[in-house]
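FYI, side chains are in, hydrogens and waters are out, and symmetry mates aren't considered; it's all heavy atoms of this structure.
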Amino acid sequence: MKLTLIKPNIGRREHSLYVDEGRMEPLPLGILAALTPEDVEVVMYDDRMEPIPYDEPTDLVAITVETFTARRAYEISAEYRKRGVKTVMGGMHAMLIPDEVAEHCDCVMIGDAEPVWKDMIEDCKNGCLKEKYTAVQPVCPQQGIIARRDIFEGKGYLPITLLQFSRGCSHKCSFCASSVYFDAHHYCRPVDEVVREIKSQKRKLLFFVDDNIVCNREKAKELFRALIPLKIHWVSQGSMDMLQDRELMELMVKSGCLGLVIGFESISPECISDMNKGTNRKGSANMYASEIEQLRQWGLQTWAAFTVGHDGDTVESIRATCDFAIKNKFTFAAFNILMPYPNTPLYEKMKAEGRLLYDGKWWLHEDYRFNYSSIVPKNMTADELTEISFDCRRRFNSPGSIFTRAFEIHTNMRTPYRFMTYLIYNPLFRKEVFKKQGLRFGLESDNKE
């Protein structure tokens, strides 16, 4: 039996395949490859940078589906099914809206694959593939499994190894799809297995793709203690409340943490309260002053993530958020339009209020473009929200801003290694900002030309 794993792209620019130069290893596919029995041949194709050989013989195609890639994933599945090849789909979008996904594949997998993957493969071998496999969330994710990284070789990924210590987050932010997927629970792998996986690969720069690596502080401390002897550099995602635990922060820094993606979300107390972002307490620029100072003292390079388009936002307040990010010389910052992912509290609220655009299915609508507003904001038009969000990205990633922010002595200039990281990745992310803005979802429309 032969299994083909597919990582779909978001879409394409006009008349050409969009190549994501900032692409990272699709870790979920490496885990699926490791879960697959050894007598099954496994190949992987990444739609972000290479053509998919639809006519290459295969017995089963597995496609990981995110909401942003759903339209393209359905197109890929359709091409294989026209050739008589069965397809299975799973991932975040399959959990959020399984009935829709099931319309576009022969089999939908709901939840993390570990408990049911081998059963699904065996059923496929025997010609009795089920239409649906629903996994009970494993309390210990990825147990005994080390991701297969040989399938990533030669694909031109950034030189950083992706892995996971934990999945999910116990917080319930209203816009968060991960909170729905994991039902606001947090699950950790055994630390010794994480260490074994790190030792199984050669790189010293790692990205833990956890939703919130410090959600369980005691288990995070156990991990950080184990990382110290490995002498690695790593980044991940964490929440602001980690700063309340000095021992946690000391161990984090000693273990080689360069910095974290942190959900600042907003500098408005009203917006923080409305989104149920309890880890940020009151919000406001003044409140963050203490937290930012602490992050500098620890030497952490911060990727500040903001969401814009909340009911308390105005064009002026969003512009002030960008000013705040530039003034504080964050290493990176994201200004993401508030997205109503299906079956999240935010989606249901927008639906009840009649504020969803694109027929309530922006991820499939042929007129939707990447980084466009898919809701009707309260204090501006949807077009104004789209423009001010892009303006924030444009300003924060301008050559002048990149130059000015580089000279933050406590973080970006703390060591030559950190400074080089800053200088390498900031121009890359600037380029991606402009390439992705307004990107068409899927390929189907262009193929009709």
Any side-chain donor near an acceptor of the partner, Q301 and N412, under 3.5 Å: yes
S178: which of T344, D211, N212 passes side chain to side chain donor-acceptor pair (under 3.5 Å): D211
Passing candidate, ring-ring contact (aromatic ring centres under 6.0 Å, His included) with F390, options F434, F396, Y372, F370: F434
Selection residues 413-423 - residue pairs positive for side chain to side chain donor-acceptor pair (under 3.5 Å), sequence neighbours left out: R405-Y422
Side chain to side chain donor-acceptor pair (under 3.5 Å) partner of Y45, chosen from K7, K155, E56: E56
H93-E100 side chain donor-acceptor pair, cut-off 3.5 Å: yes
Any donor-acceptor N or O pair under 3.5 Å, side chains Y187, D112: no
Approximate separation, where rounding is to 0.5 Å, of K329 NZ and T411 OG1: 9.0 Å
Exercise: do S174 and N276 side chains pair donor with acceptor under 3.5 Å: no
Test of ring centre spacing under 6.0 Å for W303 and F429: yes
Identified ring-ring contact (aromatic ring centres under 6.0 Å, His included) counterpart of F441 within the set W363, Y74, Y358, Y368: Y368
Proximity of Y341 and Y347 rings by center, below 6.0 Å: no
Flag for R394-S398: side-chain donor and acceptor within less than 3.5 Å: no
Derivation and outcome, side chain to side chain contact (heavy atoms under 4.5 Å, CB included), residues I292 and F330: CA-CA 9 Å; I292 292 169; F330 293 128; 3.7 Å; yes
Pair D383-T381, side-chain donor/acceptor within less than 3.5 Å: no
